[in-house]
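In the text below, chain A, chain B and the rest are named by the order of the sequence lines, each starting its count at 1.
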Amino acid sequence: MQNKIRVYNTLTRRKEDFETAIPGKVTMYVCGPTVYKPSHVGHLVGPIIFDTIKRFLGHQGYQATLIVNITDIDDKLIVEAAKRKITVKQLADEITGDYFQCLKALGIESIDRFPKATEHIPEILAMISKLISDSHAYASAGDVYFDVSSDQDYGKLCNRDPEQLEAGARIELNDKKRNPGDFALWKGAKPGEPFWESSWGPGRPGWHIECSAMSMRWLGETIDIHGGGLDLQFPHHENELAQSESFSGKPFARFWLHNGLMKTGEKKMSKSEGNEIVVSELLKKYPAETLRALILSSHYRSPIEFSENRLIEVGRSLETFQRFYERVGRITNAPVTAIPIWNQGNSDNEELAAIRTRFIEAMSDDFNTGSALSVLFDLVTHLNRWIETHKLEKDKSSTPQLNILIDGVSILRELSGILGILSPNTQTKNPDETNGLVEGLMGLVIELRALARKEKNYPTADLIRTRLTSLGISLEDRPDGTGYRIE
RNA sequence: GGCCCCUUGGCCAAGUGGUAAGGCAGUGGAUUGCAAAUCCAUUAUCCCCGGUUCGAAUCCGGGAGGGGCCUCCA
């Protein structure tokens, strides 16, 4: 029943058949944010993509579990909290709240758990202890380091020899380390810093160990999908992989998926570049679905150039769907949401079935959302053409043709739900529109204009329309009457 | 310096061996009193040079341009 899914695996650098450890189940771990500054657009790329992947896997019959961690203890948090004269906890809570709001706005509700580093200190300590006793790590003056030379495979994820890594020679010099490439599992606390007690003295976890500990705690020693931004491939994921497999002796993740990075002005968007677009600010100006659609319009491994122009362009393309929904609503005399989603695509109509198959195949090929989205445009064009060919706007009685339209809408709702976009009525409505006053006034104006048109008083009719346009209201004379849209 | 990736129409973007999806913008047509919306049509020497092949955007080699990682980063 399940379609064959192909996935690009960073570890092997090729597309592979997607097979999970337990048939029918998928465990997914995606690296989340370090919560010290509000989320920028780049931070949401991963969540949007992996949310979409989970939706699709669910649609294909998998039972998927998705976990995204929150890094709530880290040097950057300590610095930022000190700068703002608040505690690390206060800072983490505030920024985590911002992150959750962004996720909610973007329709990301599929994440099953958000484990926090600070809530997994016992697991982290246990893991470090075992790594030390297995000679994969060593304590050194209050710190604990992972011994890179103890791992034969080190470098396999990013396809590099340890010597090449050292050749970079930009690794921080630290005489507590045996090898320059060794990385901290535990960092001894300096005076005034937050700390947890440990056998090696007071301190805090290193950056990478939390993900290993939390991934294993919630999903087991081998997970199916480990995801994150391309910039995490090294050193973060390489180190996670090394310490996890040294710890368990088992493969840490079956598939490593890395999403491309958001760029602004040719450069990667990042806090350190100082070119980041804060999501909460952006969402004041643009619907969240537009941002989501922008990200899904290209392949997840490609870099995305962010600009407001792009966002406006995508928003414009999305209007086609909203207009279509309104058009269908007028034909069926009910909101389009009243049309159920059958989720099985068992339309008798061959053309609809073929379109649906194209979508599933696009998604099955390494989650090609851009290609899948184009299928949805084709579907709407097909259905608009269907409406015109069969004059469904003029003859609204129930006919086989109308039923096929409804089949098509059901499929559109089903498929767009996988991408998490194109939901009806999600465009921000003008609040005035809901209180009935505008509606009443518009009815009056349209009636007056209809009278003028009847008398062939076109200058007056056009004056009304032009003036409304300048107010941001467009009139549309349709076969079944005049309608209006507020921009 | 090392490792990796990208380059498709005005812009964005699918497409890994059989002669180019889709979106935005533009143009022409249908429709309309005129528009809008919708539909139809239309816009590509696939960065350059060479090679492999009956056949390449797709594979190989070289070149140019751009990006990522090697340090915190989604």
Side-chain angles (χ1 to χ4, degrees), chain A residues 10 13 15 30-34 36-37 39-50 68 74-76 79 155 158-161 163-172 181 207 227-236 238 258-263 266-273 276 293-294 297-299 301-305 307 309-310 312-320 323-324 326-327 358 362 365 368-378 380-382 384-389 393 453 456-459 461-462 465-466 469 474-479 482-485:
Chain A
T10 307
R13 292 181 302 288
K15 270 189 212 172
V30 175
C31 290
T34 299
Y36 76 105
K37 277 188 176 172
S39 297
H40 67 244
V41 178
H43 290 138
L44 275 304
V45 173
I48 288 171
I49 286 162
F50 288 101
V68 173
D74 172 89
D75 292 9
K76 292 192 293 298
V79 170
C158 61
N159 190 31
R160 270 177 273 198
D161 299 331
E163 284 137 42
Q164 285 176 343
L165 291 167
E166 287 180 31
R170 289 206 231 162
I171 297 169
E172 185 189 352
W207 175 32
L230 201 56
D231 52 352
L232 293 183
Q233 195 180 336
F234 189 89
H236 185 55
E238 190 71 60
H258 289 99
N259 61 269
L261 304 176
M262 182 69 82
K263 301 193 302 171
E266 296 294 310
K267 279 275 188 286
K268 178 177 84 165
M269 185 182 294
S270 79
K271 292 165 188 167
S272 41
E273 291 282 349
E276 74 265 30
L294 168 64
S297 67
S298 62
H299 189 90
R301 272 187 284 114
S302 308
I304 307 172
E305 175 76 33
S307 73
N309 272 345
R310 284 278 288 131
I312 290 167
E313 202 176 292
V314 170
R316 217 173 281 160
S317 75
L318 261 32
E319 282 176 24
T320 302
R323 289 204 171 95
F324 172 72
E326 290 167 17
R327 190 179 196 188
R358 275 209 290 142
D365 183 11
N368 194 333
T369 52
S371 187
L373 182 55
S374 80
V375 175
L376 265 28
F377 279 97
D378 285 346
V380 158
T381 301
H382 180 262
N384 269 322
R385 191 193 302 137
W386 187 265
I387 289 171
E388 301 201 353
T389 307
E393 279 176 313
R453 292 176 72 203
K456 300 213 189 300
N457 182 357
Y458 294 121
D462 290 347
R465 189 172 59 198
T466 310
T469 303
S474 55
L475 291 186
E476 298 177 2
D477 296 325
R478 309 180 184 113
T482 299
Y484 68 94
R485 291 180 58 89

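- Using a 4.0 Å heavy-atom distance criterion, A:Asn368 is classed as a sugar-phosphate-only contact.
- Nucleic acid contact for A:Glu476: base, since at least one base atom lies under 4.0 Å from a heavy atom of the residue.
- In this structure, the separation between CG on A:Leu294 and CD1 on A:Ile312 is 11.5 Å, given to the nearest 0.5 Å.
- Of the nucleotides present, B:G2 is the one that pairs with B:C69 by Watson-Crick or G-U wobble criteria, both distances under 3.5 Å.
- Of the possible polar contacts, none joining the A:Glu393 side chain to the A:Pro479 backbone as a donor-acceptor pair under 3.5 Å is found.
- Rounded to whole Å, atom P of B:G68 lies 21 Å from atom CZ of A:Arg13.
- Here B:U16 presents its P atom at 11 Å from CZ of A:Arg301, a figure rounded to the nearest Å.
- A:Lys15 has its NZ atom 6 Å from the P atom of B:U16, to the nearest Å.
- B:C47 is paired with B:G63 under the criterion used here, namely a Watson-Crick or G-U wobble arrangement in which both key atom distances are under 3.5 Å.
- Electrostatic pairing of A:Arg465 and A:Glu476 does not count as a salt bridge here, judged by no charged N lying under 4.0 Å from a carboxylate O.
- Two residues are said to be in side-chain contact when any heavy atoms from C-beta on lie closer than 4.5 Å; A:Val30 and A:Pro47 fail this criterion.
- With sequence neighbours left out, A:Lys15 forms a side chain to side chain contact (heavy atoms under 4.5 Å, CB included) with A:Arg6, A:Tyr8, A:Asp365, A:Asp366.
- On the C1' atoms, B:U58 is 11 Å away from B:A20, given to the nearest whole Å.
- Residue A:Gly483 is out of contact with every strand shown, counting any heavy-atom pair closer than 4.0 Å.
- A:Ser270 comes within 4.0 angstrom of a nucleotide base, judged by non-hydrogen atoms across all strands.
- Residue A:Thr469 places none of its side-chain N or O atoms closer than 4.0 Å to OP1 or OP2 of B:A36.
- Rounded to the nearest Å, the gap between the C1' atom of B:G9 and that of B:G26 is 12 Å.
- The gap from the P atom of B:G61 to that of B:G66 amounts to 22 Å, rounded to the nearest Å.
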| Tell me, for nucleotides 18-31 of chain B in 5' to 3' order, what letter each nucleotide earns: B for a base near a protein heavy atom under 4.0 Å, S for only sugar-phosphate near one, - for neither? | ---BSBSS------

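- Using a 4.5 Å cut-off on side-chain heavy atoms (C-beta onward), A:Leu261 and A:Pro303 make no contact.
- Here the separation of B:A44 from B:G10, taken at their C1' atoms, is 12 Å to the nearest Å.
- The closest donor-acceptor contact from the side chain of A:Thr320 to the backbone of A:Ser317 lies under 3.5 Å.
- The side chain of A:Lys263 lies closest to B:G67, out of B:G67, B:A74, B:C39.
- Using a 4.0 Å heavy-atom criterion, one finds that A:Thr34 contacts the sugar-phosphate atoms exclusively.
- Among the heavy atoms of the strands, none lies under 4.0 Å from A:Lys456.
- Contacts of A:Arg485 with the nucleic acid, taken as non-hydrogen atoms under 4.0 Å apart, are absent.
- Using a 4.0 Å cut-off, some side-chain N or O of A:Asn384 falls inside it from OP1 or OP2 of B:C39.
- The distance between atom NZ of A:Lys76 and atom P of B:A74, rounded to the nearest whole Å, is 7 Å.
- Note on A:Arg385: a side-chain N or O is less than 4.0 Å away from OP1 or OP2 of B:C40.
- You won't find any donor-acceptor pair under 3.5 Å spanning the side chain of A:Arg323 and the base of B:A37, going by distance alone.
- With B:C70, B:C3, B:G67 as the candidates, the nucleotide lying closest to the side chain of A:Asn159 is B:C3.
- Nucleotides B:U19 and B:A74 have their P atoms positioned 44 Å apart, rounded to a whole Å.
- B:C48 and B:U42: their C1' atoms are spaced 29 Å apart (whole Å).
- Contact annotation: A:Lys268 does not reach the phosphate of B:G67 (side-chain N/O to OP1 or OP2, under 4.0 Å).
- Each of B:A74, B:A35, B:A14 was ranked by its minimum atom distance to the side chain of A:Arg465; first place goes to B:A35.
- When heavy atoms are screened at a 4.0 angstrom cut-off, A:Ser302 is found touching the sugar-phosphate backbone but no base atom.
- Computed from coordinates, the A:His299 NE2 to B:C6 P distance equals 11 Å when rounded to whole Å.
- In the set B:C70, B:A13, B:G33, B:C70 carries the atom at the smallest distance from any side-chain atom of A:Phe234.
- Across B:A57 and B:U7, the matching C1' atoms stand 11 Å from one another, rounded to whole Å.
- A:Met262 is not listed as a side-chain neighbour of A:Glu276, based on a closest heavy-atom distance of 4.5 Å or more.
- We find that CG of A:Asp365 is positioned 12 Å from P of B:A14, with the value rounded to whole Å.
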| Stepwise side-chain hydrogen bond (donor to acceptor under 3.5 Å, both in side chains) test for A:Thr34 and A:Asp74 | CA-CA 8 Å; A:Thr34 299; A:Asp74 172 89; 5.1 Å; no

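- Among the protein residues, A:Leu261 comes within range of the nucleic acid bases, having at least one heavy atom under 4.0 Å from a base atom.
- With hydrogens and angles disregarded, a donor-acceptor distance shorter than 3.5 Å links the side chain of A:Thr381 to the backbone of A:Phe377.
- Comparing the C1' positions of B:U27 and B:A64 gives an interatomic distance of 35 Å, to the nearest angstrom.
- Nucleotide B:C39 holds its P atom 16 Å from the CH2 atom of A:Trp386, rounded to whole Å.
- Counting any heavy atom pair closer than 4.0 Å across all strands shown, A:Gly228 reaches sugar-phosphate atoms only and no base atom.
- Using a 4.5 Å heavy-atom threshold, the side chains of A:Asp378 and A:Arg358 count as touching.
- Per the geometry, NE2 belonging to A:His236 stands 13 Å off P belonging to B:C70, to the nearest Å.
- Among the heavy atoms of the strands lying under 4.0 Å from A:Arg327 are primed sugar atoms or P, OP1, OP2 only; no base atom is included.
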